[in-house]
Student: 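Structure below; questions to follow.
What you see below is based on every heavy atom in this structure, not just the backbone, and it leaves out hydrogens, waters and symmetry mates. The structure displayed is predicted, hence computed values, not measured ones.
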Amino acid sequence: MRTVEERFWSKVIRSKPDECWPWKRSIGTTGYGQFKVKAGHSPWKASRFAWVLVFGEDPGDMKVCHTC
């Protein structure tokens with residue numbers, strides 16, 4: 001069974017660090033990628049969950065911005 005991290009990154013088109021990494025799966029009503037971490041729970045915005053994976057903590061009230 002794949003880890004949550006493996007499931008998440010399998011839905012991203014990864015490229016060079018300074019390039020756009022498009023989300024290739026579910027898009028929410030706001031137009032942003034979304035990722036269901038656990039069945040029965042609301043999905044996370046993909047950019048916020050990527051932040052958790054990279055920095056190890058929930059960004060809380062901080063906005064997670066991206067340029068592409």
Side-chain angles (χ1 to χ4, degrees):
M1 178 180 264
R2 294 187 304 168
T3 66
V4 172
E5 186 171 0
E6 290 169 332
R7 284 193 311 107
F8 177 85
W9 290 118
S10 74
K11 296 165 181 18
V12 177
I13 300 171
R14 296 174 84 169
S15 190
K16 295 179 183 175
D18 61 338
E19 293 180 344
C20 187
W21 291 19
W23 181 251
K24 58 182 184 177
R25 293 292 188 216
S26 179
I27 304 294
T29 58
T30 59
Y32 291 96
Q34 60 182 14
F35 177 69
K36 191 159 259 198
V37 177
K38 191 173 182 180
H41 292 262
S42 297
W44 282 65
K45 283 193 170 78
S47 55
R48 294 183 68 77
F49 195 72
W51 177 279
V52 170
L53 292 176
V54 172
F55 295 103
E57 61 186 6
D58 186 331
D61 293 336
M62 185 171 56
K63 292 183 179 179
V64 177
C65 298
H66 50 85
T67 59
C68 62

Student: Do other residues, nucleotides or ligands put more than 12 heavy atoms under 6.0 Å from the CG atom of D18?
Tutor: yes
Student: Can you name the nearest heavy-atom pair linking R7 to V37, along with the distance?
Tutor: NH2-O, 3.0 Å
Student: Once you round to the nearest 0.5 Å, how far does CZ of R48 lie from NZ of K63?
Tutor: 10.5 Å
Student: Identify the heavy atoms of R14 and W21 that sit nearest to each other, and give their distance.
Tutor: NE-CZ3, 3.4 Å
Student: Run through F49, W44, F8 and flag the one making a ring-ring contact (aromatic ring centres under 6.0 Å, His included) with W23.
Tutor: F8
Student: Applying a strict under-4.5 Å side-chain criterion to I, L, V, M, F, W and Y, I'd like to know whether W9 and I13 cluster together.
Tutor: no
Student: Applying side chain to side chain donor-acceptor pair (under 3.5 Å) as the test, list every pair that has at least one member in residues 25-37; sequence neighbours left out.
Tutor: S26-Q34
Student: Where is the tightest heavy-atom contact between V64 and P59, given as atom of each residue plus distance?
Tutor: CG2-CG, 3.7 Å
Student: For E57, what residues pass the side-chain contact (heavy atoms from CB on, under 4.5 Å) criterion, not counting sequence neighbours?
Tutor: none
Student: At their closest point, which heavy atom of P22 faces which heavy atom of C20, and how far apart are they?
Tutor: CD-O, 3.3 Å
